[in-house]
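Side-chain atoms are counted along with the backbone in the values below, which use heavy atoms only and exclude waters and symmetry mates. Quick caveat: nothing in here was measured; it's all calculated off a predicted structure.
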Amino acid sequence: GGGARRTDPAENSRPMTSRSRRPGTPRDRKLPAEAPAPAGRQKTVGFGFVALLSFLAGMTDAIGFLRAGDFLSFMSGNTTRLAIAIGEGHGGDIARLAAILLVFVTGNATGVVLVRTTGERQWPLLMAVTVVTGLVAALAGAAPSPWSYLPLVFAMGMLNAAVDTVAGHPIGLTYVTGALSRFGKGLGRFLCGDLRLGFLVQMFPWIGMIAGAVTGVFLLQAWQEAAIWAIGALALLLTLISLAVPRSWMRHSFGLGRP
C-alpha cells in the first residue's frame, strides 16, 4: 500500500506536450523573434548609390572633357590617346596623359587607404571628393589649363573605392566597359539557358554614367565654368546620404568591411 508507484516505461517514452512540460524549462521560454535582415532594402540602397556615384563620374567626365579636352574618369580612352600620342611623338600630350593615368591610380589607392583607416565608411572618402572638387571649382578660373583638372582625376580615382560589390555583384563606377562586358556575357548565358538575371544590375553604372554626362553638358552650356560647382554639390549630397546608411549595411550594400 505505501510502496513507490511503479511507472510504465511507455509513459516515460511519451514526448512531453506543452501541457505536460514543467514550467520554466527552456522549451517553455519564448525567445525574442529576430528581425529579418533587410536584404532587399540593402540591395536597393547599394544599386541606387552606385547609379548616383556613376552619375557623378559621368558629369565630371563630360565637364572635364569639354573644358580641358581630357577624360577625367574614362581611363580606357586616355590610354588609347596616350598610345596615339606616343606613336605620333607628341611629347606634351604624352606627359599630360601619362600624368592623368598615374594620378587616377594614385587616387584609387588613396581611396582604399582612406576607407580602411576610417572604419570602412564611405562618408570620409566622399567628403574628401567634395573638398577636392570645391577647390578646383574655386581655383580653375574661366580658362583652365588641362593640368589644373588633375585634382578632379584624383577625386574620380578615389570615388572607385566607395563601392566594391553590391550583394556580391562586382560593380565598377567609372569604367563602364567592364559593366557592359559583364552584361553582355550574362545575356549570352541567359540565351544559352541560364535564366539567372543577375547580369541586369550591370546596367546601373552605365545608366548613371550616361545620364550624368548628358547632365554635365547641359550644366556647362547653362553655367559655363560655374558648372564645376555642381560636381562638388552632388558629392556633398552623396556624403550626407552615406551618413544616413546604417553601418551594419556597409558590407551587403557596398562590399565594405570584413566578413
Could you report the tightest heavy-atom contact between [X] and [Y], atom names first, then the distance?
X: Gly232; Y: Thr130; answer: O-CG2, 3.7 Å
X: Ile94; Y: Ile86; answer: CD1-CA, 3.7 Å
X: Pro146; Y: Ala68; answer: CG-O, 3.6 Å
X: Ala57; Y: Ser73; answer: O-OG, 3.7 Å
X: Ser148; Y: Val136; answer: O-CG1, 4.2 Å
X: Gln224; Y: Gln221; answer: NE2-O, 3.5 Å

Which of parallel (below 30°), tilted (30 to 60°) and perpendicular (above 60°) describes Phe190 and Phe199?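 Rings of Phe190 and Phe199: tilted, 30 to 60°.
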
Using atom types as modelled and distance alone, determine if a side-chain donor or acceptor of [X] lies under 3.5 Å from a backbone N or O of [Y].
X: Arg67; Y: Tyr149; result: no
X: Asn78; Y: Leu97; result: no
X: Ser54; Y: Ala51; result: no
X: Thr117; Y: Val113; result: yes
X: Thr215; Y: Ala211; result: yes

Are side-chain heavy atoms of [X] and [Y] found at a separation under 4.5 Å?
X: Val132; Y: Leu135; value: no
X: Met59; Y: Ile63; value: yes
X: Leu125; Y: Leu159; value: no
X: Glu120; Y: Met250; value: no
X: Leu52; Y: Ile241; value: yes
X: Gln122; Y: Thr239; value: no
X: Phe218; Y: Val214; value: yes
X: Leu236; Y: Met127; value: yes

Nearest 0.5 angstrom please: [X] [atom1] to [Y] [atom2], how far?
X: Gln202; Y: Leu200; atom1: CD; atom2: CG; result: 9.5 Å
X: Ser242; Y: Leu237; atom1: OG; atom2: CG; result: 11.0 Å
X: Leu152; Y: Ile231; atom1: CG; atom2: CD1; result: 5.5 Å
X: Arg182; Y: Thr177; atom1: CZ; atom2: OG1; result: 10.0 Å
X: Leu56; Y: Leu234; atom1: CG; atom2: CG; result: 5.0 Å
X: Phe74; Y: Phe65; atom1: CZ; atom2: CZ; result: 10.0 Å

Under 4.5 Å between side-chain heavy atoms, counting indirect links through other Ile/Leu/Val/Met/Phe/Trp/Tyr residues: same cluster for [X] and [Y] or not?
X: Met203; Y: Val176; value: yes
X: Val129; Y: Val105; value: no
X: Ile207; Y: Val50; value: no
X: Leu53; Y: Leu243; value: no
X: Val153; Y: Leu101; value: yes

Going through the checks in order, is the side-chain contact (heavy atoms from CB on, under 4.5 Å) test met by Met158 and Leu126? CA-CA 8 Å; Met158 284 199 298; Leu126 295 172; over 6 Å; no

Contacts of Asp70 that satisfy salt bridge (charged side-chain N to carboxylate O under 4.0 Å, His left out) - sequence neighbours left out: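 Only Arg81, Arg96 meet the salt bridge (charged side-chain N to carboxylate O under 4.0 Å, His left out) criterion with Asp70.
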
For Phe154 and Thr110: C-alpha separation, side-chain torsions, deciding distance, then whether side-chain contact (heavy atoms from CB on, under 4.5 Å) applies. CA-CA 9 Å; Phe154 182 79; Thr110 303; 3.7 Å; yes

Could you check Val245 against Trp123 for side-chain contact (heavy atoms from CB on, under 4.5 Å), going step by step and ending with a plain yes or no? CA-CA 10 Å; Val245 177; Trp123 72 263; over 6 Å; no

Run the numbers on Phe49 and Phe254 for ring-ring contact (aromatic ring centres under 6.0 Å, His included), then give the verdict. CA-CA 9 Å; Phe49 209 71; Phe254 309 120; 5.4 Å; yes

Atom CH2 of residue position Trp147 - does it have more than 12 heavy atoms of other residues, nucleotides or ligands inside 6.0 Å?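 Check passes, neighbour count above 12.
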
